[in-house]
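Here the structure comes first, spelled out in C-alpha cells, and everything after it is commentary.
Heavy atoms only: backbone and side chains are in, while hydrogens, waters and symmetry mates are out. What you see is a predicted model, and the numbers here were worked out from it, not measured in a lab.
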Amino acid sequence: MNRRSFLAATIAAAVPLPAAPRRIDSSRVSAITDEISRSPADAIAFAHKFGMQWLSLRDIPSNEAKKTSYHELDPKMLQQVKAEFKDAGIGISFLDTPFLKFGLPGTEPKRSRPEEPAAKEKRLAREKAQFDNRIEDLRLGIRAAHVFECSQVRIFTFNRVAEPESVFPRVAEVIDELSTIAQKEGIRLLIENEASQNAGTSAETAKLLKLLPRNVGINWDSLNGLALGEKPYPDGYESIPKDRNWNVHVKGKSLLDYPEHLDWLAILNALERDGFQGRLELETHIFGDQQVQASHASMTEIMRLLANRS
C-alpha cells in the first residue's frame, strides 16, 4: 500500500468520527484562522491563549485584499503549513472550502436589481468555468484534507434562485457526484446552510439531505437562516437530522451583546442530548478593524459557557 492509499484508508477509518466525549468541552472547540487573526502565527497564538487543540482553515490569514485559500496551495506549501500547525500542537478539524458557492449553470439567481447585459455575460462565463472545474477543485480540497489529516470538507448549494426547492434535484445530482469521489478518498462533505444559497435555512438543508447519500452531512450555522426568516433555535435546529449534524459554526453576534444573540447554553444542552459528536467552530463574522478583538471576546464567551455549565 502506498502512502496515498494508506492515508486515505486511515482517514476513511475515521468516518464516522472517532467517539468523542458526549459532553462538549474545550477540547471540542475550533475557530477559522482568517477570522481570528491576520497571520498564521497569530492564529496559533490565539489557539494557545485559549488552550485550543484545533483550528479550521479557509483563507490564509493576512491583511491583503486578495485571499488565498489553503486548499489551493501546492503540495510543498501544504506540507510546510502542516508542520507549522503540528509543531504548535494544533490539529486541523475542518476545511471551510468555498465549493459550489456560485450560480448553477442554467439557473438565474434571485436578484434585488436588474443585471447589466455585459455583467451578466461575464458572470455566466465565470460560473460555467467554475462548474466545469468542480471535480478538479474537489480533488485539490481532498489533497489538502489528506495532508492535514482532516476528514471533513465544506460545500455549498449554488446561488439562490427564486424557488430553491425547484432545483434541489439538480443540486443533489451534482453533490452526489462529488460525494462519491470524496467517499472513495475517505472524505465527508458537509453542506453549510447559507442565506445566499439554495439550501439557505436549516429546514431547506434537511430537505436537500433527503436526496443525498448518508456520507453527506451538515455544517450547521445557527445564524445563517435568520435573513430568510428562520428562527435559529429551536426551530432551525430542530429541523435538521441530528445524526448528520457533524460540525457547528458559532457566530460572534450570537455570543455577544447583539440583537442576534442566542441562548447557547440551551443549544449546547440540545447538542449533547442529541448525541452531537463534532466540534464547535467560531466563525466570528464581525467585520472591520474590530474583527480580531471580537474574536477574542467571542472565544472568551465560548470558554466561559463551557466551563460554567452545571
Side-chain angles (χ1 to χ4, degrees), residues 17-58 61 84-96 148 150 152 154 190 192 218-224 232-234 236-237 245-310:
L17 288 173
R22 190 166 189 273
R23 186 167 180 78
I24 300 171
D25 60 22
S26 60
S27 71
R28 294 172 62 187
V29 174
S30 182
I32 302 177
T33 59
D34 61 288
E35 293 267 354
I36 62 175
S37 67
R38 293 295 174 261
S39 73
D42 285 346
I44 289 171
F46 181 100
H48 286 168
K49 173 183 176 178
F50 291 102
M52 298 164 59
Q53 301 174 24
W54 303 96
L55 287 171
S56 302
L57 303 182
R58 186 173 57 194
E84 290 171 356
F85 285 117
K86 186 175 182 179
D87 290 348
I90 302 297
I92 303 305
S93 64
F94 194 50
L95 292 187
D96 283 89
F148 293 126
C150 169
Q152 301 195 129
R154 179 179 69 172
L190 279 65
E192 179 174 327
I218 302 173
N219 174 46
W220 184 60
D221 192 306
S222 55
L223 282 190
N224 275 357
Y233 183 84
Y237 175 74
N245 181 26
W246 300 335
N247 197 65
V248 171
H249 269 188
V250 184
K251 292 285 203 297
K253 288 182 178 181
S254 72
L255 291 160
L256 304 177
D257 187 18
Y258 284 83
E260 298 90 342
H261 184 87
L262 296 177
D263 184 353
W264 274 100
L265 280 177
I267 296 172
L268 289 168
N269 289 335
L271 288 167
E272 289 182 347
R273 176 199 70 204
D274 295 326
F276 176 64
Q277 296 292 302
R279 297 184 181 92
L280 303 177
E281 179 182 315
L282 176 63
E283 184 188 29
T284 313
H285 252 45
I286 297 174
F287 301 110
D289 293 339
Q290 74 272 32
Q291 184 173 26
V292 172
Q293 180 181 354
S295 297
H296 282 258
S298 298
M299 187 56 71
T300 297
E301 179 62 8
I302 289 175
M303 294 303 186
R304 186 193 71 81
L305 288 169
L306 294 176
N308 293 341
R309 290 186 303 152
S310 59

query: What pairs with F46 under ring pair (Phe, Tyr, Trp, His ring centres under 6.0 Å), at least two apart in sequence or on another chain?
result: F50, H296
Got [X] and [Y] here, is their nearest side-chain heavy-atom distance under 4.5 Å?
| X | Y | answer |
| --- | --- | --- |
| L271 | N245 | yes |
| D87 | E84 | no |
| D221 | L223 | yes |
| M303 | V29 | yes |
| W246 | Q277 | no |

Quick check: closest heavy atoms across [X] and [Y], and the distance to 0.1 Å?
| X | Y | answer |
| --- | --- | --- |
| L55 | A43 | CD1-O, 3.8 Å |
| K253 | H285 | CE-O, 4.4 Å |
| S56 | S93 | OG-OG, 3.1 Å |
| N247 | L190 | CB-CD2, 3.6 Å |
| S298 | L282 | CB-CD1, 3.7 Å |
| I218 | W220 | CG2-N, 3.4 Å |

Residue list, salt bridge (Lys or Arg N to Asp or Glu O under 4.0 Å) with [X], at least two apart or on another chain:
| X | answer |
| --- | --- |
| E272 | R23, R309 |
| R38 | none |
| E35 | R58 |

query: Please walk me through it: do I32 and L57 pass side chain to side chain contact (heavy atoms under 4.5 Å, CB included)?
result: CA-CA 6 Å; I32 302 177; L57 303 182; over 6 Å; no
task: Return yes when atom CG of D289 has more than 12 non-hydrogen atoms of other residues, nucleotides or ligands closer than 6.0 Å, and no otherwise.
output: no
Test your reading of the model: is there a side-chain donor-acceptor pair from [X] to the backbone of [Y], 3.5 Å cut-off?
| X | Y | value |
| --- | --- | --- |
| D274 | F276 | no |
| T284 | I286 | no |
| H261 | L256 | yes |

K251/E260 ion pair, N-O < 4.0 Å: no
Results of side-chain contact (heavy atoms from CB on, under 4.5 Å) for L305 - residues two or more places apart only: L255, W264, L265, L268, E301
Residues that A88 engages under side-chain contact (heavy atoms from CB on, under 4.5 Å), provided they are two or more places apart: I44, H48, I90
query: Do H249 and N224 meet the criterion of a side-chain donor-acceptor pair at a distance under 3.5 Å?
result: no
message: What I want to check is whether the side chains of S222 and S254 have a donor and an acceptor closer together than 3.5 Å.
response: no
With rounding to the nearest 0.5 angstrom, report the [atom1] to [atom2] distance, [X] to [Y].
| X | Y | atom1 | atom2 | result |
| --- | --- | --- | --- | --- |
| I92 | F85 | CD1 | CZ | 4.5 Å |
| Y233 | L262 | OH | CG | 10.5 Å |
| S39 | D34 | OG | CG | 11.5 Å |
| M299 | L280 | CE | CG | 9.0 Å |
| L95 | N219 | CG | CG | 11.5 Å |

field: Face-on cation placement of R279 at W54 ring, 6.0 Å and 45° thresholds
entry: yes
